[in-house]
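Only one structure is covered here, and it is reproduced in the block below.
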2 protein chains.
Amino acid sequence: MSTSELSSRISARLAQDIAVGEIACGAHLRAQEVADRYKVSRTPIREAFAALEEQGILRRFPNRGYFVADSIPQNIISEIKEAVDVARDEYQIFAEDWLTDQLPEIVTEQALRQRYNMTKARLSDLLARAAREGWAERKEGYGWRLLPVAKTAEAFDEIYRFRMAIEPAAMLEPSFKLNKEALASLRRTQERMLEGGVNSLPAEKLLDNGATFHEELARMSNNPFFLSALERVNRMRRLMEYRTKIDRQRLTEQCTDHLEIVSLLEQGEVLEASFFMRRHLSSALRRKARTAKFWSMTHQKD
Amino acid sequence: MSTSELSSRISARLAQDIAVGEIACGAHLRAQEVADRYKVSRTPIREAFAALEEQGILRRFPNRGYFVADSIPQNIISEIKEAVDVARDEYQIFAEDWLTDQLPEIVTEQALRQRYNMTKARLSDLLARAAREGWAERKEGYGWRLLPVAKTAEAFDEIYRFRMAIEPAAMLEPSFKLNKEALASLRRTQERMLEGGVNSLPAEKLLDNGATFHEELARMSNNPFFLSALERVNRMRRLMEYRTKIDRQRLTEQCTDHLEIVSLLEQGEVLEASFFMRRHLSSALRRKARTAKFWSMTHQKD
DNA sequence: TATCGGATTATAGCCTCCTGAAAAACAATC
DNA sequence: GATTGTTTTTCAGGAGGCTATAATCCGATA
């Protein structure tokens, strides 16, 4: 029964893949293959398999390994699909507390350990992550300083303006190279969203798809600094957007824009695509500005 | 005599400031003021003061505090100026080892602890820092993966191209606001360098001045994402440039460019300054490209 | 021969106690 | 009243043992 954190993470991901149909029913799951994919050893994989067998998602044949069950009850599938949203981890709680002024600007590790009831190691991971994302920094002596970077409503604008600087530029890098497959995959995702996903998928997934779209394009620049800068601001954006209600009308327009960009790129019109990207971000900024203003009036003090 | 790490860091910085003339002879050093500047309490400051008094750099008057000595022997001054270079900490050694292929791509914490003879906590700080800078990431199971981001000669180009995208854009941000004082201070630093500093200052200090120049301008954009992105790539650049010989001729041209940018800004010609910045970076890139090529032939294998 | 299954080895997180050092509170001096 | 000097409190890093769990090795099986 000992489901370690790692193996349960893995089993959750596998379950996802099976539920979505990424992994076909009846397929043989080779332990080593899966281990390679997740870049871990076979040990946690086997644990994950065992856990999934208990749920009836996999079947085991001694000395032959695990196979995806031939049919999986609908109720289990929907159960799996919903499970994603629950993953509100300590980090998000911490971030949320900071964004909502529940924490002082200067905090000691002790105070945080007490508040969140965490061990030293876990806490220092937490802080390292926040530091990595750019909103916490260790003071020289004791304590940490939490930065207001992502707190203000203006941060929305700032992120969009930053993206306006890097994303179109990334597409014009001399090392930029179209990745047809990635592009096709992006197109599929956006089309699926337009064909109803916008209204059915969970908010988190929708935001994720949007971020992935932009990041994949940045990746094609083949300049890792553009990509990692974008990933960075996107992570921070997510912290904030997590709290705002999603505007599904806006998402539809976004997807249309995204598809337009894909089309331009497919035709090799990189320069046009870059321009269009800039406009796309700029219109998002204008819209955001209004949302942010509203948000600031309703959620911020003074 | 217990000189903690923090207080000795502080005393080193103070000594620097005094040696360079940033802090005048005979000046009264108020403990609280210095503490505020370094964002620590008075305790480590007082220790630093005591250490500096022992070296004869400060004088103590009971109940009145510490004062900079009226005259500091030349030999002590040059000693201080050289001391900077020695501060090659574990992090730099670690980075160096990775850049020179002394470390495998996948490493366990144990292996690193043994190699560098570090405690758990220090090592995890080290790795957190590398992760923060973007060239290490924790694997899902045990171990860390070191990323080749900053290893290749191309990374030089990539960083400069990234900077070409963000730095001129930062100056055109609607929130951009000139900071006259900061500008004046930058001008002074650059002028000092042209007036001989280029040949006398330690390499590290020179690189530092350059980075600071650009970062201060990015700060004036009042968009923290531009600034932090620049700081990020600068840190990485430093890891690499640390190993290459410094070209003092090139530095002179750089300083001239920097002064030109300051002049444009002082006249309110922000647009021109932005253009000039782009050209400035682009010429550095062209030059770098040659250096990097040379560097790759001489330092890299295959 | 590729894959699985079980046994062994190694890793890293957690816990507790301990201590040097930083922060904070308080007292003294000009 | 601002600043220094002293004391007390709090903090976080270090060491070492313990344990869950990940990696690895090796034999078994189809």
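What you see is a predicted model; the values in this text were computed from it and never measured. We name chains A, B, ... by the order of the sequence lines, and we start the count at 1 in each one.
The base of dA10(C) is not paired with the side chain of Tyr142(B) by any donor and acceptor separated by under 3.5 Å. Put simply, the side chain of Lys120(A) and the base of dG13(D) share a donor and an acceptor less than 3.5 Å apart.
Within the 4.0 angstrom heavy-atom criterion, only backbone atoms of the sugar-phosphate kind lie near Glu109(A); the bases stay farther away. Backbone-only contact: Arg138(A) has heavy atoms under 4.0 Å from sugar-phosphate atoms and none from a base.
Within the structure, every side-chain polar atom (N or O) of Arg46(B) is placed at least 4.0 Å from both OP1 and OP2 of dA21(C). Within the structure, every side-chain polar atom (N or O) of Arg60(A) is placed at least 4.0 Å from both OP1 and OP2 of dC4(C).
dT6(D) atom P lies 15 Å from atom CZ of Phe49(B), rounded to whole Å. Following rounding to the nearest Å, Ile45(A) (CD1) and dA22(D) (P) show an atom-to-atom distance of 10 Å.
Residues Gly65(B) and Gly143(A) each lie close to DNA chain D; by heavy-atom proximity, the contact nearer the 5' end of the strand is made by Gly65(B). Ranked by how close their nearest DNA chain D nucleotide is to the 5' end, Asn63(A) and Val107(A) are led by Val107(A).
Within a heavy-atom distance below 4.0 Å of DNA chain C, the residues of residues 25-44 of chain B found are Val40(B), Ser41(B), Thr43(B), Pro44(B).
A salt bridge links Glu90(B) to Arg122(B): at least one charged side-chain nitrogen sits closer than 4.0 Å to a carboxylate oxygen. For the pair Glu133(B) and Arg232(B), the salt-bridge criterion is not met [side-chain N within less than 4.0 Å of a carboxylate O]. A salt bridge links Arg9(A) with Glu5(A): the closest approach of a Lys/Arg side-chain nitrogen to an acidic carboxylate oxygen falls below 4.0 angstrom.
With hydrogens and angles ignored, the 3.5 Å screen pairs no side-chain donor or acceptor of Trp135(A) with any backbone N or O of Trp98(A). For the pair His28(A) (side chain) and Val68(A) (backbone), a donor-acceptor distance under 3.5 Å is absent.
Residue Gln110(A) places its side chain closer to dC11(D) than to any other of dT29(D), dC11(D), dA22(C).
Paired with Glu109(B) under the rule salt bridge (Lys or Arg N to Asp or Glu O under 4.0 Å), one option of Arg138(B), Lys139(B), Arg115(B) passes, and it is Arg138(B).
In this structure the side chain of Leu112(B) reaches within 4.5 angstrom of the side chain of Leu127(B), judged on heavy atoms.
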